[in-house]
Amino acid sequence: MGVLIFFDINGTIIKRDERTDIPYKKALNLLLNVENSMDGVDTSARSDKDVFTEVLNKHGHSFSDQKWEAFVELYKEQLELFKDTDVWRENVDAVSIINKLSSTNHKLSLITGEFSMGAKYKLQKIGVWDHFPVGGFGEDGFKRFDIAEVALKRVKNLYNDTFDEIYIIGDTLLDIKTARHLGAKIISITTGSNTREELLTEKPDYIIDRFEEIEHLFV
C-alpha cells in the first residue's frame with residue numbers, strides 16, 4: 001500500500017517570488033481601482049479569501065458576496081491573460097519528483113489556499129496538474145486547517161483508504177502545524193516564505209533544499 005503525500009503549491013511546487021501573485025494582484029487593483037492593492041500583505045499559506053478580506057480592510061472596504069463574486073470574475077480573466085507567460089515557474093526539481101511519485105502506488109493530493117481555478121492554471125503551466133486528482137483549495141475553507149481537513153476527507157473517500165502514512169510537503173511554518181493537526185509527517189522545503197532556521201524551530205521530520213533529497217523515502 002502506498003502512502004498519501006500532500007503538496008503545497010506556492011513556494012513548494014511553484015517558485016515563489018514577486019511574479020507569482022501578479023494575476024491576483026492585478027484583479028484586486030482593477031476591483032479597487034488602485035495600483036498597489038497588496039503592498040504589505042503577506043499571502044503565505046493563506047486562503048485567497050482570507051487575503052482578499054485583508055486587502056479590502058486595508059483599503060477601507062468591507063467584505064460582501066457581491067465584491068467577492070466580482071473579484072473572482074476579474075481573477076479568472078487575469079489567469080487566462082497570464083497563462084502563457086512566465087509568472088508561474090517550477091520550483092527547484094518539483095516536476096521531476098512529482099512525475100516519479102506518479103509512477104508509484106503512492107497517492108498525491110494538494111493542500112493549498114489557492115482557489116482551485118488558480119491552482120489548475122499554475123500546475124497546468126508546468127505540466128503536473130493531472131497528477132493531482134483531488135485536493136483542498138481556497139474555496140474549501142477560510143483557514144489552513146479547515147482546508148486540510150476537507151482535503152483529507154476527499155482523498156479518503158476517493159480511494160476508500162485511511163492511509164497508514166501521510167506526508168505534507170510545504171515551505172511554511174503553517175505547513176508544519178497543519179501536518180501536526182492531521183497527524184502527518186512533515187517535509188519542509190527551504191525555498192519559500194520561511195528560512196531554514198525558522199522552519200527548524202518547529203522541528204520538521206525532514207528539511208530539504210531540493211526534492212531529490214527525499215526520493216529515497218518514496219521511490
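Ionic pairing of Lys107 and Asp161 is not present here: no N-O contact between side-chain nitrogen and carboxylate oxygen is shorter than 4.0 angstrom.
Ring to ring, Trp68 and Phe142 are not that close: their centroids are 6.0 angstrom or more apart. For Phe82 and Tyr24, the gap between ring centers reaches or exceeds 6.0 Å. Ring centers of Phe115 and Tyr75: at least 6.0 Å apart, outside the cut-off.
Rounded to the nearest 0.5 angstrom, Ile187 CD1 and Glu213 CD are separated by 10.5 Å. Expressed to the nearest 0.5 Å, how far CG of Leu217 lies from OH of Tyr167 amounts to 5.5 Å. Within the model, atoms CG of Leu79 and CD of Gln124 stand 11.0 Å from one another, a figure rounded to the nearest 0.5 Å. Once rounded to the nearest 0.5 Å, the distance linking CH2 of Trp88 with CD1 of Ile14 reads 8.5 Å. Asp93 contributes atom CG, which lies 7.0 Å from atom CD1 of Ile189 (distance to the nearest 0.5 angstrom).
Of all non-hydrogen atoms in Arg19 and Asp17, the two that sit nearest each other are N-OD1, 2.9 Å. In terms of heavy atoms, Glu139 sits closest to Glu114 at OE1-O, 4.1 Å.
Asp171 contributes a side-chain N or O that, together with a main-chain N or O of Ser193, makes up a donor-acceptor pair within less than 3.5 Å. Not a single donor-acceptor pair under 3.5 Å links the side chain of Thr104 to the backbone N or O of Val219.
Taking the six-membered ring where the residue is Trp, Phe218 and His106 present perpendicular rings, their angle passing 60° and hence far from 30°.
Side-chain contact annotation: Thr53 with Asp50, donor-acceptor N/O pair under 3.5 Å absent.
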Phe211/Thr12 under side-chain contact (heavy atoms from CB on, under 4.5 Å): CA gap, chis, key distance, verdict: CA-CA 10 Å; Phe211 292 102; Thr12 303; 4.0 Å; yes

